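What follows is a single structure, written as structure tokens, with notes after it.
Predicted model, so just to flag it, every value in this text is computed and none were measured. If you read the sequence from its start, that first residue is 1, and numbering goes on from there. Scope of the values below: all heavy atoms of this structure, side chains included, with no hydrogens, waters or symmetry mates.
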Amino acid sequence: MINRSVLVGRLTRDPELRYTNGGAAVATFTIAVNRQFTNQNGEREADFINCVIWRKAAENFTNFTHKGSLIGIDGHIQTRNYENQQGNRIYVTEVVVDNFSLLESRAESEHHQNANSNGHSSNNSNQNQYGNNGDQIDITDDDLPF
């Protein structure tokens, strides 16, 4: 059987790091993943996926990410259940992260975090992310890889 999940999205909040009684680190977080299509109003909706990551990877993840960080995760889906204080059975489905990647630089991530905390959008249509200021590029056919 195959049970793999590969997701790319942004953290909805800072990861929450805790330690088990045995000393193992565990971090929980939620990732917002945009859907591939728009709704009837032309808006893009997102799914909010609960995730958990263990041990040293959990500590690293918590140290290098924060709310709004663009991340990629690779893991597997796991279900579990428990009984809450009221005696109700609670069912949980989450992605157990095996590997993660930071998909933006620290500067971009901090810029995104600051823009969101100030209530401004981080999208600036006047800013060219490739640094082309309109000057012509001096390149020959020999420089092209194809």
Side-chain angles (χ1 to χ4, degrees), residues 1-135 137 139 144-146:
M1 302 294 166
I2 299 173
N3 180 357
R4 294 302 312 154
S5 181
V6 178
L7 302 170
V8 173
R10 292 196 180 272
L11 292 180
T12 62
R13 57 184 162 77
D14 289 344
E16 185 178 319
L17 181 65
R18 295 186 312 267
Y19 291 89
T20 66
N21 292 338
V26 57
T28 56
F29 59 94
T30 303
I31 183 174
V33 180
N34 285 338
R35 293 183 178 171
Q36 295 296 319
F37 52 88
T38 57
N39 63 17
Q40 291 178 333
N41 299 330
E43 299 167 340
R44 191 170 301 275
E45 295 179 349
D47 292 304
F48 298 90
I49 313 295
N50 294 324
C51 303
V52 62
I53 186 168
W54 290 87
R55 298 177 186 77
K56 186 64 176 171
E59 294 173 329
N60 289 336
F61 187 83
T62 304
N63 288 334
F64 293 108
T65 62
H66 53 77
K67 178 180 177 178
S69 293
L70 181 63
I71 60 164
I73 61 170
D74 175 32
H76 59 278
I77 296 174
Q78 178 175 287
T79 59
R80 60 185 172 87
N81 63 73
Y82 63 92
E83 194 171 299
N84 67 7
Q85 294 175 346
Q86 292 77 27
N88 297 329
R89 177 92 22 219
I90 305 296
Y91 294 90
V92 178
T93 301
E94 58 198 359
V95 174
V96 179
V97 177
D98 298 322
N99 195 7
F100 72 91
S101 294
L102 306 176
L103 300 180
E104 60 189 355
S105 70
R106 182 180 297 228
E108 290 171 323
S109 180
E110 289 174 357
H111 173 72
H112 181 78
Q113 183 181 25
N114 291 338
N116 283 343
S117 65
N118 293 334
H120 299 98
S121 172
S122 64
N123 293 337
N124 184 351
S125 59
N126 295 333
Q127 180 182 4
N128 185 338
Q129 69 185 36
Y130 301 108
N132 184 359
N133 59 4
D135 296 339
I137 299 172
I139 190 168
L144 299 175
F146 47 89

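Of all heavy-atom pairs between Pro15 and Phe61, the closest is CG-CE2, 3.7 Å. Smallest separation of non-hydrogen atoms from Asn34 and Ala46: OD1-CB, 3.9 Å. Scanning all heavy atoms of the two residues, the minimum distance from Val97 to Asn99 falls at CG1-O, 3.4 Å. For the pair Arg13 and Thr28, the tightest heavy-atom approach, listed with the atom from each and the gap, is NH1-O, 3.7 Å. Of all heavy-atom pairs between Cys51 and Ile31, the closest is SG-CG2, 3.8 Å. Contact between Glu104 and Leu70 at its shortest, heavy atoms only, is OE2-N, 3.1 Å.
Considering Ile53, Val52, Thr62, Thr12 in turn, Ile53 is the only one that fulfils the side chain to side chain contact (heavy atoms under 4.5 Å, CB included) rule with Phe29.
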Determine, step by step, whether Phe64 and Leu102 satisfy the side chain to side chain contact (heavy atoms under 4.5 Å, CB included) criterion, reporting the C-alpha distance in whole Å, the side-chain angles of both residues, the deciding distance to 0.1 Å, and the verdict. CA-CA 8 Å; Phe64 293 108; Leu102 306 176; 3.9 Å; yes

Test side chain to side chain contact (heavy atoms under 4.5 Å, CB included) on Tyr19 and Glu59 and set out the steps. CA-CA 10 Å; Tyr19 291 89; Glu59 294 173 329; 2.8 Å; yes

Show your working on side chain to side chain contact (heavy atoms under 4.5 Å, CB included) between Ile71 and Leu11 and close with a plain yes or no. CA-CA 8 Å; Ile71 60 164; Leu11 292 180; 3.7 Å; yes

Walk me through it: do Ile49 and Leu7 pass the test side chain to side chain contact (heavy atoms under 4.5 Å, CB included)? CA-CA 9 Å; Ile49 313 295; Leu7 302 170; 3.9 Å; yes

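Checking side-chain atoms of Glu16 against main-chain N and O of Ala27 turns up no donor-acceptor pair under 3.5 Å. Judged purely by atom type and a 3.5 angstrom limit, Asn3 uses its side chain to pair as donor or acceptor with the backbone of Ile77. Checked by atom type and distance alone, the side chain of Thr65 never pairs as donor or acceptor with a backbone atom of Ser69 at under 3.5 Å. Of the possible polar contacts, one joining the Asn84 side chain to the Gln86 backbone as a donor-acceptor pair under 3.5 Å is found.
A 6.0 Å sphere centred on CG of Asn41 holds more than 12 heavy atoms belonging to other residues, nucleotides or ligands.
Here Arg55 pairs with nothing under the side-chain contact (heavy atoms from CB on, under 4.5 Å) rule; sequence neighbours left out. Residues satisfying the side-chain contact (heavy atoms from CB on, under 4.5 Å) test with Glu45, not counting sequence neighbours, are Arg35, Asn39.
Within the structure, no pair that satisfies the ring pair (Phe, Tyr, Trp, His ring centres under 6.0 Å) test touches residues 32-57, not counting sequence neighbours.
The closest side-chain heavy-atom distance from Arg4 to Val95 is not below 4.5 Å. Gln78 is not listed as a side-chain neighbour of Thr93, based on a closest heavy-atom distance of 4.5 Å or more. Side chains of Leu103 and Val8 form a contact here, defined as non-hydrogen atoms less than 4.5 Å apart.
Here CD of Glu94 is found 4.5 Å from CZ of Arg80. Values are rounded to the nearest 0.5 Å. Atom-to-atom distance recorded for Ile90:CD1 and Glu83:CD is 9.5 Å, nearest 0.5 angstrom.
A side-chain N or O of Arg89 and one of Asn81 form a donor-acceptor pair less than 3.5 Å apart.
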